[in-house]
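Below: the structure, in structure tokens.
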Amino acid sequence: MSGSFYLSTLGRVLKWAESRSLWYMSTGSGCCADEMLNLAGSKYDLERYGCLPQVDPRQSDLLIICGIVSYKAMPYLRNLYDQMLTPKYVLAVGACANSGGPFSPKKSYSVVPGAGEVVPVDVYVPGCPPRPEAIMNGLIALQGKISGKNTSISALE
Ligand code: SF4
């Protein structure tokens, strides 16, 4: 067997392991945070996917943004993102985090039109609010993106 075979296999194993050990920080600036809390609870048990909640950005490689992002909060959100481990990923949960939602710039002067204006978002989860299953689907899609496989639930149907 050639050395490149072992290196490419090792690379795939490392990517798979990375996708199954995401330690996340979440922001909760809106009602979507309740759905995220549900997901972390015993009913949905997010930890079975290897996702552990963290409170320190220096120990996190996944940022889950739930709810609105205001212009006032923008620098703090970016500061959190900059302190996170590399490689790092971002999941935007709900219409507000995706595009400003019902508080879009046409309706509110203080709301950023989506978290993508502040940090690079890897997966957007639609809904107002999205159900916990939808957030879980977004996480599975992110795991697939990291490991190089399309594993979202819609892809499995
Ligand atoms: S998307 Fe809907 S449920 Fe989520 S924070 Fe915005 S208004 Fe609330």
Side-chain angles (χ1 to χ4, degrees), residues 18-157:
E18 184 190 340
S19 71
R20 265 58 175 181
S21 58
L22 293 168
W23 290 13
Y24 68 91
M25 266 191 68
S26 66
T27 67
S29 54
C31 11
C32 281
D34 290 339
E35 304 299 327
M36 184 62 213
L37 285 174
N38 264 325
L39 193 58
S42 58
K43 182 175 177 188
Y44 293 97
D45 191 15
L46 196 55
E47 290 186 20
R48 69 198 151 111
Y49 289 95
C51 298
L52 295 181
Q54 300 293 317
V55 292
D56 187 346
R58 295 184 187 90
Q59 295 175 351
S60 311
D61 55 1
L62 171 60
L63 179 61
I64 301 178
I65 301 172
C66 304
I68 61 167
V69 179
S70 67
Y71 283 105
K72 200 170 182 180
M74 250 173 100
Y76 302 105
L77 185 63
R78 183 69 206 193
N79 193 19
L80 280 178
Y81 176 80
D82 288 340
Q83 292 180 65
M84 287 167 59
L85 297 169
T86 303
K88 49 193 160 190
Y89 307 96
V90 178
L91 191 72
V93 172
C96 287
N98 291 352
S99 62
F103 309 102
S104 66
K106 285 185 187 151
K107 297 176 189 150
S108 169
Y109 65 91
S110 60
V111 173
V112 178
E117 301 282 323
V118 190
V119 291
V121 176
D122 293 280
V123 174
Y124 291 91
V125 178
C128 178
R131 286 185 53 84
E133 291 89 346
I135 305 174
M136 194 179 287
N137 190 29
L139 272 168
I140 293 170
L142 179 62
Q143 287 179 327
K145 187 176 176 183
I146 296 169
S147 64
K149 289 181 183 163
N150 187 356
T151 51
S152 68
I153 290 171
S154 55
L156 298 175
E157 285 172 349

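Along the sequence shown, the residues carry numbers beginning at 1. Just so you know, ligand 1 is whichever comes first in the structure, and atom 1 is the first atom listed for that ligand.
For atom 2 (Fe) of ligand 1, the nearby protein N/O/S atoms, meaning those under 2.8 Å, are C128 SG.
The minimum heavy-atom distance linking P53 with E47 is given by the pair CD-OE2, 4.0 Å. The minimum heavy-atom distance linking K145 with D122 is given by the pair NZ-O, 3.3 Å.
For the residue pair S29 and T27, no side-chain donor N or O sits within less than 3.5 Å of a side-chain acceptor on the partner.
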I'd like a table of donor-acceptor pairs (distance under 3.5 Å, sequence neighbours excluded) in which one partner is a side-chain atom from residues 83-95, with atom names and distances.
residue: Q83; atom: OE1; partner: R58; partner atom: NH2; Å: 2.9
residue: Q83; atom: NE2; partner: N79; partner atom: O; Å: 3.4
residue: K88; atom: NZ; partner: Y81; partner atom: O; Å: 2.9
residue: Y89; atom: OH; partner: E18; partner atom: OE2; Å: 2.5

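To the nearest 0.5 angstrom, L62 atom CG is 11.0 Å from L52 atom CG. How far CG of L46 is from CD1 of I135: 9.0 Å, rounded to the nearest 0.5 Å.
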